[in-house]
Amino acid sequence: MAKIEQYRQFIQSLLTKYADNTSNSDVSDVEVQLIFDTERDHYQWMNVGWRQLDRIYRCIIHFDIKDGKIWIQQNLTEVDLAEELVLMGVPTEDIVLGLIAPYKRQYTGFSVA
């Protein structure tokens, strides 16, 4: 259980770090929302609001923790989140690139599921 708690902290740290570094100066009506569901282990960075007449509702980054592994479900940034997790000490076998098709995961160097 200590491993899962550490993974939760790593994920929350990454989401906070990158969401805080974004600038919404040109889109003042767009709110950055960090969603940390520590009971069901879903973690997201969402942008929600309006840019002039256009509705903004976008999941920028989404992590899940399932079966003791960190799943990267969405990444609309240029950051290599998997590499960031490895640098934090997460073994590659505990990282699943859920945003990659299952048949391609065997070629990523990370867990397949």
Side-chain angles (χ1 to χ4, degrees):
M1 196 59 169
K3 176 178 92 167
I4 299 302
E5 188 57 41
Q6 185 176 44
Y7 287 178
R8 289 177 181 137
Q9 292 303 316
F10 289 164
I11 290 168
Q12 291 177 43
S13 172
L14 282 176
L15 285 171
T16 301
K17 172 183 170 182
Y18 289 111
D20 284 349
N21 286 335
T22 63
S23 171
N24 281 332
S25 58
D26 63 324
V27 287
S28 60
D29 291 333
V30 176
E31 178 185 0
V32 171
Q33 296 183 353
L34 295 180
I35 302 165
F36 300 155
D37 179 353
T38 56
E39 186 176 323
R40 292 171 202 83
D41 284 319
H42 304 294
Y43 306 87
Q44 296 181 355
W45 159 13
M46 298 286 299
N47 285 351
V48 178
W50 290 89
R51 180 179 296 131
Q52 297 170 2
L53 297 176
D54 295 322
R55 174 73 171 149
I56 305 297
Y57 185 82
R58 182 170 298 125
C59 178
I60 307 300
I61 297 175
H62 177 173
F63 291 101
D64 289 325
I65 300 175
K66 298 193 288 187
D67 299 321
K69 296 182 181 189
I70 297 174
W71 286 65
I72 302 172
Q73 303 286 21
Q74 173 84 315
N75 182 9
L76 297 182
T77 72
E78 294 181 9
V79 176
D80 186 343
L81 296 172
E83 186 60 31
E84 291 271 342
L85 290 167
V86 168
L87 292 173
M88 294 173 117
V90 179
T92 57
E93 61 268 13
D94 280 357
I95 300 171
V96 179
L97 302 179
L99 44 74
I100 303 290
Y103 72 92
K104 292 182 181 179
R105 289 184 197 149
Q106 63 185 322
Y107 306 112
T108 65
F110 296 95
S111 181
V112 295

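- To the nearest 0.5 Å, atoms CE (Met46) and CD1 (Ile61) are separated by 12.5 Å.
- In terms of modelled atom types and a separation under 3.5 Å, the side chain of Thr108 and the main chain of Arg105 share a donor-acceptor contact.
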Derivation of the side chain to side chain contact (heavy atoms under 4.5 Å, CB included) call for Ile60 and Asn47: CA-CA 7 Å; Ile60 307 300; Asn47 285 351; 3.7 Å; yes
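- A 4.5 Å side-chain heavy-atom check between Ile72 and Phe63 finds at least one atom pair inside the cut-off.
- Put simply, the side chain of Met88 reaches to within 4.5 Å of the side chain of Ser13, judged on heavy atoms.
- Between Asp80 atom CG and Glu78 atom CD the span is 11.5 Å, to the nearest 0.5 Å.
- Note on ring orientation: taking the six-membered ring where Trp is involved, the planes of Phe36 and Tyr43 are tilted (angle from 30° to 60°).
- The backbone N or O of Leu14 lies less than 3.5 Å from no partner atom in the side chain of Glu84, so there is not a single donor-acceptor pair.
- When side chains are defined from C-beta on, Phe110 does not count as touching Ile100, because their heavy atoms never get closer than 4.5 Å.
- Asp37 places a side-chain N or O within donor-acceptor distance of the main-chain N or O of Glu39, the cut-off being under 3.5 Å.
- Every residue two or more places apart in sequence or in another chain that forms a side-chain contact (heavy atoms from CB on, under 4.5 Å) with Glu5 is listed here: Arg8, Gln9.
- Side-chain polar atoms of Gln12 and Tyr7 form no donor-acceptor pair below 3.5 angstrom.
- Here His42 contributes atom NE2 and Ile65 contributes atom CD1; the two are 10.5 Å apart, rounded to the nearest 0.5 Å.
- The nearest pair of heavy atoms linking Leu99 to Asn75 is CD2-N, 3.7 Å.
- Nearest heavy atom pair, residue Trp71 against residue Gly98, reads CE3-CA, 3.9 Å.
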